[in-house]
Number of protein chains: 2
Amino acid sequence: MDCCVIPLRHGGLSLVQTTDFFYPLVEDPYMMGRIACANVLSDLYAMGITECDNMLMLLSVSQKMNDKDREKVMPLMIRGFRDAAEEGGTSVTGGQTVINPWIIVGGVASVVCQPNEFIMPDGAVPGDVLVLTKPLGTQVAVNAHQWLDQPERWNKIKLVVTKEEVKEAYQEAMFSMATLNRTAAGLMHKFQAHAATDVTGFGLLGHANNLAAQQRNEVAFVIHNLPIIAKMTAISKACGNVFNLVQGTSAETSGGLLVCLPREQAAKFCSEMKSQSSGAGGQGASGGAWIIGIVEKGDRRARIIDKPRIIEVPPRGSQAANQDNSSTSPDPNPNLS
Amino acid sequence: MDCCVIPLRHGGLSLVQTTDFFYPLVEDPYMMGRIACANVLSDLYAMGITECDNMLMLLSVSQKMNDKDREKVMPLMIRGFRDAAEEGGTSVTGGQTVINPWIIVGGVASVVCQPNEFIMPDGAVPGDVLVLTKPLGTQVAVNAHQWLDQPERWNKIKLVVTKEEVKEAYQEAMFSMATLNRTAAGLMHKFQAHAATDVTGFGLLGHANNLAAQQRNEVAFVIHNLPIIAKMTAISKACGNVFNLVQGTSAETSGGLLVCLPREQAAKFCSEMKSQSSGAGGQGASGGAWIIGIVEKGDRRARIIDKPRIIEVPPRGSQAANQDNSSTSPDPNPNLS
């Protein structure tokens with residue numbers, strides 16, 4: 001499970017908590033703080049929990065930074081973390097900071113819940129539909145952006161993508177990673193979600209497999225569609241598929257929720273996700289939502305079909321996004337062959 | 001405060017939690033795990049909380065370790081952490097592990113409490129007595145032990161201490177750091193403690209100052225006695241006082257509780273601490289307890305008197321300890337001039 005759920009000594013309550021920490025992957029320290037916080041909270045959101053009682057921040061300051069950089073960077077990162085926590089209706093009341101060769105940023109999120117406040121991620125049934133609430137490809141976007149300054153790497157991908165497209169994809173990835181999965185968590189209750197997880201380090205397929213493995217019913221997850229930040233599929237192919245993006249194992253950071261919904265609820269879930277999104281690429285956007293597959297009877301594993309449909313998700317606010325909103329709409333006719 | 005205390009939405013309950021992580025300072029990975037866990041839990045114990053609902057473990061594996069060392073060291077460290085958690089009546093249900101240049105070990109401790117389960121550290125009154133539950137000098141002992149292999153450093157202290165004494169002091173420091181402050185936390189309730197904190201990175205005086213600053217009453221803490229692991233004062237002096245040990249600012253790891261007790265309760269607290277200690281230096285020992293000072297009217301600061309009495313605490317199980325138990329007994333007549 002994404003969180004630990006501890007039955008308490010008091011009145012049927014449970015303590016649900018999670019921790020995550022990692023290393024910076026975007027250049028903007030404020031956005032990095034937001035991403036770290038969104039990533040920690042995401043484990044609560046994956047259980048349909050929309051409230052968080054407390055956060056702790058885990059930080060290390062790099063010993064290699066000079067005082068000037070440190071005083072500029074660290075307060076911005078802390079500010080971003082705190083702002084995202086506030087957006088999540090919670091606050092940061094403690095933590096620990098150490099010196100380290102590398103910068104570390106992360107945190108702990110804790111909430112005390114009544115049983116009806118969380119959805120145990122084990123109730124998928126055959127016939128359910130799988131929905132994903134953020135596009136894939138954040139790792140590819142972050143790496144491609146670094147390669148703008150590495151001619152040897154850049155030469156491998158420059159035939160399939162422009163510098164402008166890489167910059168747009170990087171922005172999209174950054175905003176997507178900084179987006180809280182809180183709206184999705186709330187809608188999980190409204191549309192009776194049966195199970196969910198968040199997509200992070202093991203990639204879509206890795207987390208889908210973990211989720212499938214813990215189901216009470218004998219089910220399998222079959223994924224038909226892959227919503228991916230525009231151009232990231234081409235980049236991934238051009239550099240020899242090292243990311244395993246369309247294979248579903250490219251790592252994501254602070255990815256979307258993968259939600260199992262009753263078939264009749266999935267389109268409504270997606271539609272409401274979209275209407276609650278600002279659509280302007282704002283940090284408060286709820287992300288998108290795409291129907292990506294189905295739940296069938298099976299041996300508690302997940303797979304991606306041969307030749308899944310790639311949904312190219314244009315960067316929010318880009319010309320492509322303004323001209324054509326269809327790819328961020330729920331797909332009314334997912335390829336469920 | 002050592003912990004954050006978050007009022008919950010449910011029935012007068014509070015979430016109390018704390019996190020700490022740092023780098024290994026003893027060579028034995030199992031003991032290092034125990035120390036890390038004792039250090040995390042200590043913040044709860046300082047608030048008189050004896051139960052912990054859940055722990056998370058925070059770990060990093062060093063990228064510089066080869067596979068063989070990693071497979072040997074990390075499981076032992078995790079085992080030590082888990083064993084100490086179990087001794088504290090709790091368990092580790094989650095956490096996060098990353099790769100880092102340095103090994104990191106730490107955790108998160110959380111508990112949901114009723115108001116009578118914790119003691120807010122702000123109730124000291126003039127006339128209270130200050131008790132410390134572990135001897136000082138862990139940093140000096142750990143450093144001196146490293147100097148056994150550094151002739152240049154060793155030459156500075158070899159006139160005041162033998163290699164055997166350094167090894168014994170190191171063992172004592174290791175067991176002391178691995179000792180849970182849980183017994184002391186329980187006795188805080190029994191003997192109506194008014195406030196407490198645990199002694200860690202800022203040293204005795206640093207934490208005493210923090211505690212004094214947050215008192216509701218206008219009080220000052222005056223420290224007369226310093227229980228210090230045997231020979232550490234001599235080492236500290238011999239190397240030019242770089243540790244500031246007798247000045248009270250030498251860092252401690254997983255140090256004891258500094259407890260403000262009503263005058264008439266302090267000796268009983270110490271006596272019970274001693275009787276609950278195994279006395280054999282076992283890992284389950286409760287530590288010792290020494291009356292070290294008084295609370296008087298003042299400006300919410302702490303100070304150590306000129307020429308405080310140094311109590312040389314012999315290593316548990318050493319000949320000195322067996323011959324003479326007086327130094328681990330509560331002092332019936334503290335120098336309160």
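By convention in this document, chain letters (A, B, ...) are assigned in the order of the sequence lines, proteins followed by strands, and residues within each chain are numbered from 1.
The side chain to side chain contact (heavy atoms under 4.5 Å, CB included) test with A/Gln17 singles out one residue from B/Leu15, B/Thr93, B/Asp53, B/Leu56, and that residue is B/Leu56.
Annotation for A/Gln63: atom CD counts as buried by contact number, over 12 foreign heavy atoms lying within 6.0 Å.
With a 4.5 angstrom heavy-atom cutoff, B/Ile104 touches chain A only via side-chain atoms. Of the two parts of A/Ser91, neither the backbone nor the side chain holds a non-hydrogen atom closer than 4.5 Å to a non-hydrogen atom of chain B. Looking at A/Val5, there are no atoms closer than 4.5 Å to chain B (heavy atoms on both sides), in backbone or side chain. Heavy atoms of B/Val112 lying under 4.5 Å from chain A belong to its backbone as well as its side chain.
Judged by distance alone, the side chain of A/Gln96 and the main-chain N or O of B/Thr19 form no donor-acceptor pair under 3.5 Å.
A/Leu58 and B/Phe21 get closest at one heavy-atom pair: CD2-CE2, 3.7 Å.
Atoms CG and CZ, on A/Asn100 and B/Phe22 in that order, are 14.5 Å from each other to the nearest 0.5 Å. Here the OG-CD1 distance, from B/Ser110 to A/Ile6, works out to 9.0 Å after rounding to the nearest 0.5 Å. Taking CD1 of B/Ile99 as the reference point, atom OH of A/Tyr23 lies at 7.5 Å (rounded to 0.5 Å).
No other option in A/Gly106, A/Pro101, A/Pro7 has as many heavy-atom pairs under 4.5 Å with chain B as A/Pro101.
A 4.5 Å side-chain heavy-atom check between A/Gln114 and B/His10 finds at least one atom pair inside the cut-off. At least one side-chain heavy atom of B/Glu117 sits under 4.5 Å from a side-chain heavy atom of A/Arg9.
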